[in-house]
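For reference, the structure is listed below as structure tokens.
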Amino acid sequence: MRNFSTILVTGGAGFIGSNLINYLFGQGGFEGRIVNVDALTYAGNPESTAEVLTAHGGKRYFFEKADICDRPAIEAAFEKYHPDAVVHLAAESHVDRSILGPEAFIKTNVMGTFTLLDVARTAWKGREDVLFHHVSTDEVYGSLGDSGFFSEETPYDPRSPYSASKAGSDHLVMAYHHTYGLPVTLSNCSNNYGPYQFPEKLLPLMILNMLSGKPLPFYGDGKNIRDWLYVEDHNSALWTIMRKGEVGRDYNIGGENEWENIRLLSRLIEIVAEETGADPETYRSLITYVKDRPGHDRRYAIDCSRIKSELGWRQAHSFDEGLRDTVRWYLTNPGWCERVRSGEYRSWLDRNYGAR
Ligand code: NAD
Ligand code: DAU
């Protein structure tokens with residue numbers, strides 16, 4: 001089992017990254033230092049790791065505001081903290097934004113990943129006791145029909161600028177391993193849900209729109225299928241791979257939990273109504289079918305038997321329990337939602353879709 005003294009997390013102010021930092025200092029039992037490198041784009045909110053900052057700031061937890069495309073800044077972070085592991089989450093992550101403005105996705109996801117890899121290669125100088133773990137998505141595999149699953153052998157077939165940029169970054173990671181011997185691992189995960197998710201993604205958007213009586217916008221016929229995983233289960237998988245995964249190997253991570261969007265919303269409406277005491281019909285009346293997302297992938301489903309059989313990882317959260325915990329988190333953290341929505345996100349939405 002690998003151990004690390006200093007982990008450099010990129011994108012640690014985002015949804016999965018902040019949950020990962022909280023997990024590593026908590027249930028994950030990591031005993032070393034964490035350096036969070038994040039540019040604080042519209043999607044980054046350092047409040048999401050506030051408790052870790054209070055408990056460990058300046059001793060075991062450090063924050064560096066830096067763009068992963070800024071080579072001198074990344075070199076400085078390596079020189080200052082000497083990390084022996086990188087877990088790379090920083091990315092532009094929202095498919096709709098990639099359709100409206102692909103350039104930022106190519107910059108951060110492709111050039112940013114390249115910059116990090118190259119700085120790590122230079123700083124680590126052929127060391128074998130280090131690890132670069134790259135966090136990627138099942139969207140690189142494209143779209144499934146009614147049957148079948150994405151396995152690690154499925155050929156890449158990305159359909160959106162977002163997934164194409166992630167596919168490019170995955171190839172760079174593997175190329176750095178094969179060409180330069182950089183010790184890497186790679187994971188491709190399905191849709192995450194949980195606390196601190198930016199309310200442009202389906203679940204938090206729908207929860208907050210229900211609470212404020214706004215339309216619940218469904219793309220196309222609402223029958224696209226996604227495989228949902230609680231964010232803490234994703235993070236336990238990342239930590240398992242970092243400690244036990246084979247260098248140069250990729251691992252699929254999924255919830256084995258497929259839901260048609262509209263069926264998922266029905267369940268969400270029931271839970272929100274139970275938690276708020278409202279009449280579910282009030283929420284149902286807000287459902288609005290809107291123009292489909294261009295290139296909208298129909299179905300994602302993950303075969304995650306490799307990480308289960310080789311590394312012994314398992315999902316620990318049932319969907320119903322995770323969904324209810326998520327709803328409760330959004331109900332009890334209106335301040336976080338208000339602050340994260342008040343900036344660039346609001347103006348971007350208004351410009352592109354009108355207030356909703
Ligand atoms: P997010 O959008 O919530 O957070 C991204 C974070 O990266 C933000 O804190 C942002 O400030 C930071 N960032 C963006 N550009 C940066 C740059 N140039 N330099 C430094 N920091 C920058 O994203 P997320 O949902 O937490 O996703 C994290 C990673 O996991 C991404 O790589 C994504 O592709 C991958 N992933 C996400 C999901 C999902 O369901 N959300 C599923 C599978 C994989
Ligand atoms: O599969 C992993 C991916 O999951 C990650 O790589 C991405 O970073 C993450 O954003 C997510 O991508 P999706 O496109 O699947 O997530 P999103 O929440 O945007 O949409 C989920 C589904 O809901 C999808 O079929 C589109 C649909 N949708 C989404 C929104 C925001 C709607 O019908 N209406 C909406 O308003």
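Both ligands and their constituent atoms are indexed starting at 1 by order of listing.
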How close do Arg298 and Arg226 get, counting heavy atoms only, and between which atoms? O-NH1, 3.7 Å
Ion pair present between Glu31 and Arg60, side-chain N to carboxylate O less than 4.0 angstrom? no
Should Thr282 and Met210 count as side-chain neighbours, where that means a heavy-atom distance under 4.5 Å? no
Atom 1 (P) of ligand 1: nearest protein contact (heavy atom, Å): Ser93 OG, 3.6 Å
Give the ring-plane orientation class for Phe25 versus His56, where under 30° counts as parallel, over 60° as perpendicular and anything between as tilted. parallel
Distance to 0.1 Å, residue and atom name: give those for the protein heavy atom nearest to atom 21 (N) of ligand 1. Ala39 N, 3.1 Å
Is ligand 1 less than 4.0 angstrom away from at least one heavy atom of Ser136? yes
Measuring from non-hydrogen atoms of Thr10 to any atom of ligand 1, is the shortest distance under 4.0 Å? no
Quick check: does Phe218 get an N/O under 3.5 Å from an N/O on ligand 2? no
Regarding atom 4 (O) of ligand 2: of the candidates Asn261, Leu205, Asn191, which has the closest heavy atom? Asn191
How does Ser163 reach ligand 2, if at all, at less than 4.0 Å between non-hydrogen atoms: by side chain, backbone, both, or neither? neither
Going by distance only, is there an N or O of Asn224 that falls short of 3.5 Å from an N or O of ligand 2? no
Is it the side chain (CB and beyond), the backbone, both or neither of Lys201 that lies under 4.0 Å from ligand 2, heavy atoms counted? both
Check each of Asn36, Ile16, Thr115 against atom 39 (C) of ligand 1 and report the one with the nearest heavy atom. Ile16
Between Phe132 and Trp124 (judged by ring centroids, cut-off 6.0 Å), do the two rings come close enough to count as a pair? no
Nearest option to atom 17 (P) of ligand 2, as decided by whichever heavy atom of Glu200, Arg299, Arg293, Arg226 sits closest: Arg293
Trp313 ring center within less than 6.0 Å of Tyr251 ring center: no
Quick one: does ligand 2 sit under 4.0 Å from the side chain of Cys189, the backbone, both or neither, non-hydrogen atoms only? backbone
Do Glu256 and Lys308 meet the salt-bridge criterion of a basic N to acidic O distance under 4.0 Å? yes
Mark the output for Lys166 as yes if a heavy-atom distance to ligand 2 is under 4.0 Å, and as no if none is. no
Determine whether any heavy atom of Tyr162 lies closer than 4.0 Å to an atom of ligand 1. yes
Look at atom 8 (O) of ligand 2 and find which of Ser93, Gly220, Ser160, Gly14 reaches it with the closest heavy atom. Ser93
Would you check the N or O atoms of Asp138, main chain and side chain alike, for any that come under 3.5 Å of an N or O of ligand 2? yes
